[in-house]
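Reading through the structure tokens given below for one structure.
Since the model is a prediction, treat every value here as computed from it, not as a measurement.
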Amino acid sequence: MLRIKYFLIFIFFLSFNTYAQDENVLESPELVEAMVGEGVVFLVKYNKEENQNLKLTWKSDILDANFDDQEGEFYWETDGEDRGLHSVYFYLKDSIDNIVSSSKTLIKISARASVPSIEMEPDSLDSRAFIKLLQGEEYNLEFVATTRNSANPDDVVLSYIWNNDSDLTTIDQADTHVIGNRLILDWTPSQKQVVKKYFDLDLIAIDNTNAVYRRKYRFQIIGQELPPKLRNNVNDTYIITADQELDIDFSVYDPNNDPVVYSVDIPVTVGAPNINEKGIFTWKLSSMEMSNISSIFPLKIKLKAEEAEDSKHFVEKEITILKSEKNDPPLITKLSNLSVREGYDIKRRVFIQDNNHPISELKYSLENEPDWLYVQQEGDRLFLMSDTLGFDIVKADGIPVQFDVLFTVTDPEGATDSKFFTVTVNEGVNTEKLYRQLVDYQKSTDALLVGLRKQIRELDYRVQRNQRLKKGLLFTTFFLGSFSATGAFFEDHTVANEAIPYAGALLAITSSVNALAFNQEGKVINLKGRLEDVEKSIVRNKSYLDTYSIKDETDDELRNSELVNRVQSYRQALIEQRIELRRLEDQYRELNYVQRKVRRFNRKGKAEKLRWSFIDKI
């Protein structure tokens, strides 16, 4: 009985504890779904009145979300970068920061299901089932595709189909171009299109999410009566010359293909002025006829083209005709090819003959000319001119640069003459640069000769020293050999007799030293001779440059082509001599006595002092 009692008490406490825990349970949605750009709002609930001593907290990987822990309200404004799954955790904590209860909410943000859109500009035309276009009017239409799924216009691709024919790239009188998400249509409807009347343009837009939108634009071409239009530009002024026919092309076309008649309003009949059925006005006056009516010039006439069936539709032009008894066209009598060096300027006269106009009334033009070439008039003379040419025209290879230029002269009546000529730019002499090179070469050569002479003296001293030592060793060898050979004549146990073995030993040593010490004598003499040859070559080349007396960088002698060639060949010689001296330096360092020096200087850390540093002066 007692056990049952305790069991009932245990059940009571357990149920009470469970009830107390239920009072602390947090409630939040397990899953919240929203679209990009929408706000996410939900409440987190628990029995706040019974648990006022508890604190509500939260954490999440969402940086810009907000949570009101007093009201238990979560709020988040999403954008295009928030697509995907996100987690939010909520906790109830007691006064000592222990978690009493927790809850988790999963938020799923999905992209909006959106298709591209297509708009037409100007949108004022796109107001009815059919876009009405008038015959003969010029329309500049633009169709733009956009998508809400991306802010980048390159993420939308636009294509089109004319009249349900995928092979039809455009239609008559229209230019159709697609540039990314834009279609540009320039269209001037014709009379034939008025007959056909209806045209369809299907536009298909696809964005980066593969969303597709298709829109059909239907055009209705409306015919209208349009006046004739000139086929070519017609000038305001023409000049008629005696004994030469004046032709003016006043031909027109009619947008409605209506027949057209031409007429001319001219107050004279001399010379039989006429405009034919093709719109070509012709008039020819003899010298006498022009002389008889010379007082009426300048003469104003009217050319007119009108529809044969409706004279309300016409085009006309008033023209002024001037007289010229004889207009000889200008003639370029002398225009020679130009050849110039960099560092110089151009001033070459052009000779022009014109019997009707002074040179000041003529117009001149150059085609395919370099930027620095221009035409300039000085009084009654004309010149091709340039400023001083820079040294950046000819390439590094030194090959001359040529320009084939067209020179044209035009008189006030429009008569012209043209001739081609060639401008050749040769590599110039940059006197400042050449002067610096000349001074540098002379200085470097002087320094080179000082070092080279010092090295020759060292080798010469070595040769002379060896010669002296060689003579001494030869005498010693002869003496010791003679002493040893005559040793039998000395009495036994005398000092001379006892010295014979020592003399023989010294003889052997001396002979060995004599054989070993001078085995490289030929190398030293050869090396000295080759260095002297290099010295002579350098002195000879330098003497060539010293023959030119150059005061400063502005000296005209610097433009002497012979001097320029001398400097260039001198530079090449210095390069070759430097290479030769490096080879001779290697041979020098292979000499026995030099190698001993190298080892000794290496121990002292001064091996660089044995290098022929004077070669670096080149």
Side-chain angles (χ1 to χ4, degrees), residues 133-139 172-174 186-197 221-329 356-357 410-416:
L133 304 181
L134 296 176
Q135 171 205 356
E137 300 291 335
E138 183 177 349
Y139 294 91
D172 292 339
Q173 302 295 113
D186 299 325
W187 189 4
T188 304
S190 65
Q191 176 68 21
K192 291 182 179 179
Q193 292 171 339
V194 171
V195 176
K196 187 171 181 180
K197 196 171 184 177
I221 310 304
I222 300 175
Q224 61 175 343
E225 284 296 325
L226 296 173
K229 294 185 178 181
L230 290 172
R231 295 184 183 276
N232 308 293
N233 291 329
V234 178
N235 296 334
D236 294 329
T237 304
Y238 288 86
I239 297 175
I240 186 169
T241 302
D243 301 316
Q244 295 182 13
E245 186 175 74
L246 173 65
D247 294 335
I248 301 176
D249 187 352
F250 191 70
S251 60
V252 301
Y253 69 92
D254 189 87
N256 303 101
N257 292 324
D258 294 327
V260 175
V261 293
Y262 297 93
S263 62
V264 57
D265 182 5
I266 183 170
V268 296
T269 59
V270 178
N274 178 58
I275 187 168
N276 64 20
E277 69 279 0
K278 294 183 179 180
I280 306 300
F281 171 78
T282 57
W283 191 19
K284 185 175 181 180
L285 293 171
S286 66
S287 299
M288 183 173 293
E289 288 173 333
M290 180 173 287
S291 176
N292 292 335
I293 62 171
S294 61
S295 61
I296 69 170
F297 292 100
L299 174 66
K300 293 186 180 297
I301 67 171
K302 280 187 180 180
L303 300 177
K304 186 176 183 180
E306 60 184 0
E307 293 182 0
E309 299 177 357
D310 189 352
S311 60
K312 294 179 181 179
H313 299 108
F314 65 90
V315 59
E316 67 179 7
K317 174 83 174 182
E318 185 176 73
I319 294 173
T320 300
I321 299 180
L322 306 176
K323 71 168 183 174
S324 174
E325 295 182 0
K326 185 176 182 181
N327 178 39
D328 294 329
N356 306 100
H357 310 91
T410 307
D411 69 9
E413 282 74 42
T416 64

Out of curiosity, [X] [atom1] to [Y] [atom2], how far, rounded to the nearest 0.5 Å?
X: Leu246; Y: Lys284; atom1: CG; atom2: NZ; value: 12.0 Å
X: Lys197; Y: Ile222; atom1: NZ; atom2: CD1; value: 8.0 Å
X: Thr241; Y: Gln244; atom1: OG1; atom2: CD; value: 4.5 Å
X: Ile239; Y: Thr237; atom1: CD1; atom2: OG1; value: 8.0 Å
X: Gln173; Y: Trp187; atom1: CD; atom2: CH2; value: 10.5 Å
X: Tyr139; Y: Thr188; atom1: OH; atom2: OG1; value: 9.5 Å

Using a 4.5 Å cut-off on heavy atoms from C-beta on, say whether the side chain of [Y] contacts that of [X].
X: Lys304; Y: Asp265; value: no
X: Glu307; Y: Asp254; value: yes
X: Asp258; Y: Asp310; value: no
X: Ile240; Y: Met290; value: yes
X: Ser286; Y: Asp243; value: yes
X: Lys300; Y: Thr320; value: yes

**OP:** Verify, without hydrogens or angle tests, whether Tyr262 (side chain) and Val252 (backbone) share a donor-acceptor contact under 3.5 angstrom.
**Re:** yes

Original post:
Can you tell me if Glu245 uses its side chain to pair, donor with acceptor, with the backbone of Thr282 under 3.5 Å?
Top reply: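 Side chain of Glu245 to backbone of Thr282: no pair is present.
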
Nearest heavy-atom pair of [X] and [Y]: which atoms, and what distance?
X: Gly271; Y: Leu285; result: CA-CD2, 3.9 Å
X: Ser251; Y: Lys278; result: CB-O, 3.2 Å
X: Leu322; Y: Phe297; result: C-CD2, 4.2 Å
X: Asn235; Y: Tyr238; result: N-OH, 3.1 Å
X: Pro255; Y: Pro227; result: CD-O, 3.4 Å
X: Phe281; Y: Ile321; result: CE2-CD1, 4.5 Å

Subject >> Residue pair Asp172, Gln193: steps toward the side-chain contact (heavy atoms from CB on, under 4.5 Å) verdict >> reply: CA-CA 8 Å; Asp172 292 339; Gln193 292 171 339; 3.8 Å; yes

**OP:** Please report the C-alpha distance between Leu299 and Ile266 in whole Å, then the side-chain angles of each, then the deciding distance to 0.1 Å, and finally whether the side-chain contact (heavy atoms from CB on, under 4.5 Å) criterion is met.
**Re:** CA-CA 8 Å; Leu299 174 66; Ile266 183 170; 4.1 Å; yes

Subject >> Option passing side-chain contact (heavy atoms from CB on, under 4.5 Å) with Trp283 (candidates Val268, Val270, Val264) >> reply: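 It is Val268; the other options fail the test.
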
Original post:
Pick one: which of Leu230, Asn232, Ile280 meets side-chain contact (heavy atoms from CB on, under 4.5 Å) with Phe250?
Top reply: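 So the option named by the test is Leu230.
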
Subject >> Pair Lys317 + Asp236, salt bridge at N-O below 4.0 Å >> reply: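 Here Lys317 pairs with Asp236 in a salt bridge, since their nearest N and O are under 4.0 Å apart.
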
Original post:
With distance as the sole criterion, is a donor-acceptor pair present between the side chains of Gln135 and Gln191 under 3.5 Å?
Top reply: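 Gln191 and Gln135 do have a side-chain donor-acceptor pair below 3.5 Å.
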
